[in-house]
Amino acid sequence: MADQPKTNCPHGMEKYDLGGQNDLGALSKDQQEKLNKHKIQVRMANEKYLREHPEVDCMVSSFLKEVFLQRPEDIREFAASYFNDPNLPDTVEEALQAREAKLHDMKVLRNINHHHSN
């Protein structure tokens, strides 16, 4: 096996072993290229999905906020309880509204700054 993984993998993705002299490594150059393209396509599809579903970000952010505030001993039980809470849809809706208001405020401030800089 090669001393270190060698790769031109997409930014933020795990490196993989391409091998070296007298070592085939884990992937051929062709396999590496195909894997890179696949990883990029998956990442783009995931990012598109998350942009189209801001409620996912709101749910995850809200969950993490509660985890850090409450610091539960049994995180699995806490997560099960959190995501089965009948009030979760209301919590997510409130978070979405707050997010939209914040985005609106940022847009207004950006426009004000733009007008003052001209």
Side-chain angles (χ1 to χ4, degrees):
M1 196 158 156
D3 292 336
Q4 290 194 40
K6 297 177 183 80
T7 180
N8 292 323
C9 65
H11 176 72
M13 296 193 179
E14 289 188 33
K15 294 178 167 63
Y16 32 78
D17 181 17
L18 296 178
Q21 189 173 2
N22 300 323
D23 178 11
L24 294 177
L27 299 173
S28 70
K29 298 267 187 215
D30 185 52
Q31 289 171 323
Q32 177 192 356
E33 282 183 35
K34 287 178 182 175
L35 181 59
N36 285 349
K37 286 178 184 175
H38 175 72
K39 285 182 172 184
I40 290 168
Q41 289 171 343
V42 168
R43 178 176 275 179
M44 288 171 50
N46 290 345
E47 289 176 6
K48 181 177 186 266
Y49 180 85
L50 290 174
R51 278 193 305 274
E52 292 171 351
H53 297 279
E55 65 274 16
V56 173
D57 182 56
C58 291
M59 273 193 286
V60 171
S61 295
S62 179
F63 171 71
L64 289 175
K65 177 183 171 185
E66 290 302 314
V67 166
F68 293 134
L69 288 173
Q70 297 186 32
R71 301 200 182 268
E73 287 292 318
D74 187 342
I75 190 68
R76 291 179 182 151
E77 184 62 36
F78 181 82
S81 174
Y82 182 86
F83 287 107
N84 284 303
D85 182 347
N87 295 320
L88 183 59
D90 294 333
T91 302
V92 171
E93 185 59 37
E94 289 172 14
L96 279 169
Q97 289 175 4
R99 180 181 185 272
E100 288 300 318
K102 187 175 183 178
L103 289 172
H104 176 266
D105 292 348
M106 288 171 46
K107 185 176 179 181
V108 168
L109 287 173
R110 205 173 313 122
N111 286 338
I112 291 171
N113 287 335
H114 177 73
H115 288 296
H116 284 282
S117 65
N118 288 333

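This one's a predicted model, so the numbers in the text were calculated from it and none came from an experiment. Start at 1 with the first residue, then count along the sequence.
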Could you state whether Val42 and Leu35 fall into the same hydrophobic cluster, counting links through intermediate Ile, Leu, Val, Met, Phe, Trp or Tyr residues with side-chain heavy atoms under 4.5 angstrom apart?
-> no
Met59 with Phe68, same ILVMFWY side-chain cluster at under 4.5 Å = yes
As an exercise, state the distance from [atom1] of [X] to [atom2] of [Y], rounded to the nearest 0.5 Å.
| X | Y | atom1 | atom2 | answer |
| --- | --- | --- | --- | --- |
| Leu64 | Tyr82 | CG | OH | 9.0 Å |
| Glu93 | Leu88 | CD | CG | 11.5 Å |
| Thr91 | Leu96 | OG1 | CG | 11.0 Å |
| Asn113 | Arg110 | CG | CZ | 9.5 Å |
| Cys58 | Glu94 | SG | CD | 11.0 Å |

Closest heavy-atom pair, Phe78 versus Gln70, reported as atoms and distance to 0.1 Å, is CE1-OE1, 3.2 Å
Minimum heavy-atom separation for Asn84 to Ala80, with atom names?
-> ND2-O, 2.7 Å
Is Phe63 close to Val67 at the side-chain level, that is, under 4.5 Å between some pair of heavy atoms?
-> yes
Taking C-beta and beyond as the side chain, do Asn36 and Glu33 meet within less than 4.5 Å on heavy atoms?
-> no
Return all side-chain donor-acceptor pairs below 3.5 angstrom for residues 98-107, not counting sequence neighbours, or 'none' if the list is empty.
none

What do the steps show when you test Lys34 against His38 for side-chain contact (heavy atoms from CB on, under 4.5 Å), and what is the final call?
-> CA-CA 6 Å; Lys34 287 178 182 175; His38 175 72; over 6 Å; no
Is there any salt bridge (Lys or Arg N to Asp or Glu O under 4.0 Å) pair reaching into residues 52-69, and which pairs are they, with sequence neighbours excluded?
-> Lys48-Glu52
Apart from Ile112 itself, which Ile, Leu, Val, Met, Phe, Trp or Tyr residues share its cluster (side-chain heavy atoms under 4.5 Å, direct or through members)?
-> Val108
Would one find more than 12 heavy atoms of other residues, nucleotides or ligands at under 6.0 Å from atom CZ of Phe83?
-> yes
